[in-house]
Amino acid sequence: MATLQPRMAMDDDLLIEREKPGSLSYFTGNFKYNDLLIDLDHLYKQHAEWKPEVNDAEQPDDKVYAWKLREKMSEMMGIPLKTSQWRKITLQLNQLASLPRPLPTQVAQVLAIYERSVEQASSNVSVSKSNTLDDLGRAYGVGRRKESSARCWVVEGEGKVLVNGVELTDYFQRPADRNKVTLPLSVTESTEKYNVWTIVSGGGSTGQAEAIKLGIGRALLVHDDALKPTLRKAGCITRDPRVVERKKEGQRKARAKYTWVKR
Amino acid sequence: MASRSFIQALASKQPLYRLSNVCTRSFTSSVVRCQQAATEPIVPSSPDDLKKPIRHSVRASEPITPYNMTIAKLLAAGLHLGHSTSLWEPSTLPFIFGTREGISIINLEHTLVYLRRACNVAREVALRGGNILFIGTRPGFQNLTIDAARQCDGYHVSSKWIPGTLTNAHQVLGRHAPPDPEDPGRPPKTYKPDLIVLLNPLENPIAIAEAQLNKIPIIAITDTDYDPRLVTYPIPANDDSIRGVELIAKVISTAAKDGVFRRKQLLDQQEKAAKFSRQQHQQRR
């Protein structure tokens, strides 16, 4: 029995199966990111009026969520994420995490996917020489200033200072340089407490002196962390970033320009 | 021709927001309706209702469909308020009812007609399995664009229209598309919309230009400061009020949903007919 309804000419292509894009946000150009934002927003609206049953037996859940960092999150999603995009995602995640605790199971499951895993946090902490005294009680510090680089070992002792195997008074002729080297010890009143052995190379006398100053300051911190504010006020912690500025073409030096000629 | 009640309402110098009570076919029945409205309390009695956040700006007691759209509803959403007369586009003259307090008033009878036409277009496109793209790039339009797109299985662009989405689709859309499972070397297939519903054409001239280059029809809400001849199916209405734009987006999306539903029905019918004829063929054997 054939169909009784008359078929119009255009009905034949009316119902042709057409391939369509899968995602709602296909035409935004970044559909995974936009879909994620929409889904998180939708989830929040679903659970906006969440009122958990107050159970006195259970302890309050004060978990603070730490989210995956930008690189890890973009790796997980498979698309490159800009910082502004990552911030928008974490804003939505924070909004979800701010719902009254204990969170609904669906929300908790979603948040668990974007949580920062503990292995990531622990790998940042590196156990190296810089944090502890070595087996002979020596603290190691590196200081740099303006092409000079100093390696300093500070150990409990009477107050001797040796620079490149030579006494401090013999190595630095200028008293200003000598004072700079002993500044970290004098400021913390530990001039008679520690011996210092330093290897310094590169640069000139002042540069080397300031490099040693920084190295001794860092080594002292390994011995006693509480000295930090005193040393910081004295200026023994900050690495001075000033270096010689490069010469530019069309100018005589870095800043000095050639005489201006009217014609 | 505008209805007499509409003219009387504007001439009577009543505040514009209360015109929904007055705008009916016969003037006498509106008085009764006024009295009825006065008896209902404006402020909700229970405090819980006040504390609830207002999630949807258009709270519909009856569903908004293109079939029960009336000028009263358009008026309530504020779709008749055009822009300042000093900023008007002269080609919108046929759609302007008049001016009042320095702004042009859009004739809602035209709005209704053009809105119904746009709904028909959307329905027919959806019936033929077309891709409908809703574009609303103003910050207030994001949620309503997404909801409208989701309702009718369409697509949305609610933050920024990336120039080159249609003309440079290979680069813009193909970038994040998954590669072909059979042939990883080949660039992935890109899709184009079959109909664009644009909620703020004034801010998206690039989208309009790209659609014209690709012969895609555009439905757009054209206000009194935008030339309606630039788009295929203009809807002369206010593009500033979020309530108004939400109403139009919902109506078009509902019409498209009808088309999708009708398509499903026809496909099911076709399948059943094919099955039946196969059975018949087997029986004859």
Side-chain angles (χ1 to χ4, degrees), chain A residues 1-51 74-82 84-85 87-89 91-92 95 98-99, chain B residues 51-53 55 124 127-135 137 142-143 145-147 149-150 153-166 168-169 171-178 189-194 196 207 262-274 276-277 280:
Chain A
M1 205 161 66
T3 48
L4 295 171
Q5 282 177 346
R7 286 167 65 90
M8 290 162 68
M10 63 176 177
D11 276 352
D12 285 333
D13 31 319
L14 195 85
L15 300 171
I16 287 178
E17 188 71 42
R18 299 164 100 247
E19 212 182 318
K20 285 190 164 193
S23 156
L24 179 74
S25 322
Y26 176 75
F27 293 102
T28 58
N30 200 349
F31 65 90
K32 283 184 194 157
Y33 163 70
N34 279 296
D35 273 346
L36 175 64
L37 285 181
I38 293 170
D39 287 339
L40 291 174
D41 197 36
H42 188 65
L43 192 65
Y44 178 73
K45 283 186 185 146
Q46 270 184 328
H47 296 274
E49 280 143 52
W50 168 247
K51 284 192 191 89
S74 53
E75 209 182 286
M76 190 179 77
M77 288 176 69
I79 47 163
L81 277 181
K82 287 196 251 187
S84 58
Q85 293 172 328
R87 272 204 207 116
K88 272 203 180 139
I89 296 175
L91 205 74
Q92 287 286 0
Q95 196 186 42
S98 71
L99 287 170
Chain B
K51 284 183 194 161
K52 269 192 204 153
R55 290 237 172 264
E124 290 303 306
L127 176 64
R128 282 157 180 72
N131 303 335
I132 303 182
L133 172 60
F134 288 81
I135 304 178
T137 50
Q142 270 192 13
N143 287 330
T145 319
I146 294 168
D147 286 335
R150 205 204 292 266
D153 295 340
Y155 306 91
H156 76 94
V157 168
S158 51
S159 44
K160 183 180 181 263
W161 170 266
I162 298 175
T165 306
L166 301 177
N168 194 14
Q171 197 166 347
V172 175
L173 300 175
R175 200 163 162 247
H176 292 298
K189 182 166 188 225
T190 54
Y191 305 95
K192 296 214 161 107
D194 298 304
I196 290 180
R262 181 82 187 117
R263 180 182 171 79
K264 229 173 79 129
Q265 273 186 337
L266 288 175
L267 281 171
D268 286 340
Q269 265 181 20
Q270 200 183 52
E271 210 184 288
K272 277 187 192 152
F276 191 68
S277 65
Q280 287 266 298

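We name chains A, B, ... by the order of the sequence lines, and we start the count at 1 in each one. Since the model is a prediction, treat every value here as computed from it, not as a measurement.
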Atom pair [atom1]/[atom2] of [X] and [Y] - distance to nearest 0.5 Å:
X      : Y       : atom1 : atom2 : result
I38(A) : I146(B) : CD1   : CD1   : 4.0 Å
T28(A) : L133(B) : OG1   : CG    : 10.0 Å
S23(A) : H156(B) : OG    : NE2   : 7.0 Å

Self-check item: Salt-bridge criterion met for R18(A) and D194(B) (N-O under 4.0 Å)
Solution: yes

What are the two closest non-hydrogen atoms of [X] and [Y], and how far apart are they?
X       : Y       : result
H176(B) : G29(A)  : CD2-O, 2.9 Å
G129(B) : K20(A)  : O-CE, 3.3 Å
S159(B) : N34(A)  : OG-OD1, 4.3 Å
P21(A)  : N131(B) : CD-ND2, 3.9 Å

Residue from V172(B), L173(B), I135(B), T165(B) scoring the most non-hydrogen pairs under 4.5 Å with chain A is L173(B)

Greatest number of non-hydrogen atom pairs under 4.5 angstrom with chain A, of G130(B), A169(B), S158(B), falls to G130(B)

Atom [atom1] of residue position [X] - does it have more than 12 heavy atoms of other residues, nucleotides or ligands inside 6.0 Å?
X       : atom1 : answer
Q265(B) : CD    : yes
Q171(B) : CD    : no
K82(A)  : NZ    : no

Counting only non-hydrogen atoms closer than 4.5 Å, does [X] touch chain A with its backbone (N, CA, C, O), its side chain (CB onward), both, or neither?
X       : answer
T190(B) : both
R175(B) : side chain
L266(B) : both
S277(B) : neither

Polar side-chain atom of Y191(B) near backbone of Y26(A) as donor-acceptor pair, under 3.5 Å | no

Margin query: Determine whether K45(A) and N143(B) satisfy the following criterion, side chain to side chain contact (heavy atoms under 4.5 Å, CB included), listing intermediate values before the conclusion.
Written below: CA-CA 12 Å; K45(A) 283 186 185 146; N143(B) 287 330; 3.8 Å; yes

Honestly, the part of N30(A) sitting under 4.5 Å from a heavy atom of chain B is both

